[in-house]
Amino acid sequence: MTTTDSTGEPGYNCSYLADQHAGQLSRLRTLERVFDPLSQAFFAQLDLAGKSTILDLGAGAGSLAGWLAKRYPEATVTATDIDTRFLTDIPGIQVLTHDARTDNFPAASFDVVHVRALLCHLCEREDILTRVATWVRPGGWLVIEDVSLQPSLRTEHPLFLKVAQAGITLLKRSIGSDMLWADTLPSRLHDLGLSNVGHRTLEGRIGDNSPADTFWAATTAQAGPALLEQGLLTQNELDAMVSLRADPKFTDTALTLVSAWGQVPYLDRKA
Ligand SMILES: C[S@@+](CC[C@H](N)C(=O)[O-])C[C@H]1O[C@@H](n2cnc3c(N)ncnc32)[C@H](O)[C@@H]1O
């Protein structure tokens, strides 16, 4: 199994979470069911005048980009991804193959830049966050949303704790993900000099048949072969986790979804 990209570095797009994986589209749909309500709650409060420009960076299977095109019918919605195979047949969006690690947009290109469930997975997250802020026009909004697995590390259930730690280690080793980074988002947006910074956090549980539970199970199942190959878990432990999750007496907090936003000031931030 390849876990490094052409540069020899770990990378999302050649990992067990990449889009070429057979279960990926259905896993992305489970992610969308968890995350879309949280993302839409931000945009529900945001009125954009006329011909605005919106970027959804690393748009995945594109449910939010499609929703944005309907919510703002006069806006230009650009959906980018390093792998655009799922961004087809979505009315009203422009699709662009774009590597967030290396490709740029001119300064002040967009009224809104939205990035969801991407930066936690890219080693270059700090640099990308700084660059994407420059793509937003003065007065426009930067919206960053990501997943934190911090709650799973507080579980009192030993098997769930072991599976959670194994998942975090695998993500770090094979992709370079930092699954605790999302917790720092509000302070990072402040540090960038954005104004009107706000945030909202949604708790995702497992064992309760919620959308978060389905997303967690789909991701853990997709990680299964890599967890075994790297000796992080045994098949017995994976099987026991499936049984635990199905136990009606078991439910626990597995993750949080952190949504953070801020507005690029009209004044020169260096002034
Ligand atoms: C976990 S999915 C999230 C998709 C979407 N943002 C969402 O929340 O529904 C991460 C997405 O980032 C894309 N991706 C990974 N590395 C990327 C990169 N370097 N530049 C742009 N997109 C990338 C993947 O192809 C995948 O579609």
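Both counts, for ligands and for their atoms, begin at 1 and track the order of listing.
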task: Report, as yes or no, whether the 6.0 Å neighbourhood of atom NE2 on His199 holds more than 12 heavy atoms from other residues, nucleotides or ligands.
output: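 Open: at most 12 neighbouring heavy atoms sit under 6.0 Å from NE2 of His199.
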- prompt: Would you say Glu156 has more than 12 foreign heavy atoms packed within less than 6.0 Å of its CD?
  reply: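 No - once you tally the heavy atoms of other residues, nucleotides and ligands closer than 6.0 Å, there are 12 at most.
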Once you restrict to heavy atoms under 4.0 Å, what part of [X] touches ligand 1? Side chain, backbone, both or neither.
X: Leu122; value: side chain
X: Leu28; value: side chain
X: Ala59; value: backbone
X: Leu31; value: side chain
X: Leu118; value: side chain

- prompt: Among Arg29, Arg71, Arg116, which one satisfies salt bridge (Lys or Arg N to Asp or Glu O under 4.0 Å) with Asp36?
  reply: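 Only one option passes, and that is Arg116.
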task: May I ask you to check whether Asp81 has an N/O atom sitting below 3.5 Å from an N/O atom of ligand 1?
output: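 Between Asp81 and ligand 1 (N or O atoms, distance only) the closest approach is under 3.5 Å.
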task: Report yes if Arg116 has an N/O atom closer than 3.5 Å to an N/O atom of ligand 1; otherwise report no.
output: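 Yes.
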- request: Could you walk me through whether Ser210 and Arg205 pass side-chain hydrogen bond (donor to acceptor under 3.5 Å, both in side chains), step by step?
  value: CA-CA 7 Å; Ser210 60; Arg205 298 186 72 82; over 6 Å; no
query: Between the side chains of Asn196 and Trp261, is a donor N or O closer than 3.5 angstrom to an acceptor N or O?
result: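 On atom types as modelled, these side chains do not qualify, holding no pair under 3.5 Å.
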message: The criterion is ring pair (Phe, Tyr, Trp, His ring centres under 6.0 Å); which residues satisfy it with Phe215, sequence neighbours excluded?
response: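 Result, ring pair (Phe, Tyr, Trp, His ring centres under 6.0 Å) vs Phe215: none returned.
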Show which atoms of ligand 1 fall inside a sub-4.0 Å distance from at least one heavy-atom site of [X].
X: Ala100; value: 18 (C), 19 (N), 20 (N), 21 (C)
X: Arg101; value: 19 (N)
X: Asp99; value: 18 (C), 19 (N), 20 (N)
X: Gly58; value: 4 (C), 5 (C), 6 (N), 11 (C), 22 (N)
X: His98; value: 20 (N), 21 (C)

field: Leu153 side chain reached by Leu180 side chain, heavy atoms, under 4.5 Å
entry: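 Result yes, sub-4.5 Å side-chain heavy-atom pair found.
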field: Partner residues of Asp213 under the salt bridge (charged side-chain N to carboxylate O under 4.0 Å, His left out) criterion, sequence neighbours left out
entry: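 With sequence neighbours excluded, Asp213 shows a salt bridge (charged side-chain N to carboxylate O under 4.0 Å, His left out) to Arg245, given in chain and number order.
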